[in-house]
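Notes follow once the structure below has been shown.
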Amino acid sequence: MARLRMLLGPLCAAPLGLAAEWPGCQEQNTVIRNAGQALFANLQGYGATIGCFLDDCMSSDKFVAMEIESCSKVCYSLPECQYWVWGTEEGEQKCWFRIGDSGREAGEGWISGAKDCHPPGTQVMPMGNSECWAEGFGYEQCCDAQHGPNGNAQCWDGVYNYDRCCFPKEEL
């Protein structure tokens, strides 16, 4: 860690053991490549709809995001996530999620951060639309991939449906 701090110099201005606050905790021009540490998760439940691995946002380590804050919010919400990455792929701004930083390298224009690098007040995001869930009904019971592309048919009626309940109200 000390050697890494020497190599990164002013990019890691916070003293060892103390994390800088947002946005100072962001590691500029640093990318964390897969290196066997990609975190594949259901990102659709957090609002990811495009730019996912093989176009499957229910099992992906990346998605198209409008702002860097989306990367930190989703990473903070995924228990296994330890690092997030913000950068451009195929002309689109995307977030990537990692369980470790073995693939860390310099990358012009890339920004990375640890799980604890997020805006003040960030809270764990619920999966789907929390307004839909009542006793016996929740994201896992209604929207999980095991129920197929339209979710669990027993969850839906004239008011509640897959599109309304399985995606959050807030866009990423």
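No hydrogens, no waters, no symmetry mates; every other heavy atom, side chains included, goes into these values. Being a predicted model, the structure only gives us computed values, none of them experimental.
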Min side-chain heavy-atom separation [X]-[Y] under 4.5 Å:
X: I68; Y: Q26; value: yes
X: H118; Y: K73; value: no
X: S72; Y: P119; value: yes
X: R98; Y: D61; value: yes
X: L78; Y: L43; value: yes

Atom [atom1] of [X]: over 12 foreign heavy atoms under 6.0 Å:
X: Q146; atom1: CD; value: yes
X: Q154; atom1: CD; value: no
X: D157; atom1: CG; value: yes

Could you check whether any side-chain N or O of [X] sits under 3.5 Å from a backbone N or O of [Y], counting only pairs where one atom can act as donor and the other as acceptor?
X: Q37; Y: G100; answer: yes
X: K94; Y: K62; answer: no
X: Q93; Y: M66; answer: no
X: Q141; Y: G138; answer: yes
X: R33; Y: R104; answer: no
X: S77; Y: M125; answer: yes
X: T122; Y: P120; answer: no

Quick check: is [Y] connected to [X] through a chain of hydrophobic side chains (ILVMFWY, heavy atoms under 4.5 Å apart)?
X: F167; Y: V159; result: yes
X: V31; Y: F63; result: no
X: W22; Y: V85; result: no

Donor + acceptor pair across side chains of S112, E27 (<3.5 Å):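 No, E27 and S112 have no side-chain donor paired with an acceptor closer than 3.5 Å.
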
Can you confirm whether the side chains of Y76 and D116 place a donor and an acceptor under 3.5 Å from each other?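 No, D116 and Y76 have no side-chain donor paired with an acceptor closer than 3.5 Å.
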
In Å, rounded to the nearest 0.5 Å, how long is the span from [atom1] of [X] to [atom2] of [Y]?
X: E67; Y: E69; atom1: CD; atom2: CD; result: 4.5 Å
X: T30; Y: D101; atom1: OG1; atom2: CG; result: 10.5 Å
X: D56; Y: N42; atom1: CG; atom2: CG; result: 8.5 Å
X: S130; Y: Y139; atom1: OG; atom2: OH; result: 13.0 Å

List the steps, then state whether side chain to side chain contact (heavy atoms under 4.5 Å, CB included) holds for R164 with N129. CA-CA 7 Å; R164 176 180 179 202; N129 181 351; 4.3 Å; yes

With F40, which residues qualify under ring pair (Phe, Tyr, Trp, His ring centres under 6.0 Å), at least two apart?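 F40 satisfies ring pair (Phe, Tyr, Trp, His ring centres under 6.0 Å) with F53 only.
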
Apart from V64 itself, which Ile, Leu, Val, Met, Phe, Trp or Tyr residues share its cluster (side-chain heavy atoms under 4.5 Å, direct or through members)?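 Via sub-4.5 Å side-chain contacts, V64 links to I50.
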
If you measure SG to SG, does [X] sit under 2.5 Å from [Y]?
X: C155; Y: C165; value: no
X: C75; Y: C95; value: no
X: C166; Y: C143; value: yes

Run the side chain to side chain donor-acceptor pair (under 3.5 Å) test on Y162 and N152 for me, step by step, so that the C-alpha distance in whole Å, both residues' side-chain angles and the decisive distance to 0.1 Å come before the verdict. CA-CA 8 Å; Y162 183 84; N152 183 347; over 6 Å; no

Closest heavy-atom contact between [X] and [Y]?
X: D144; Y: M58; value: C-CE, 4.1 Å
X: A65; Y: S70; value: CB-CB, 3.9 Å
X: C25; Y: A20; value: CB-O, 3.1 Å

Please name the residue in the list W86, W84, Y83, W96 that meets the ring-ring contact (aromatic ring centres under 6.0 Å, His included) test with W110. W96

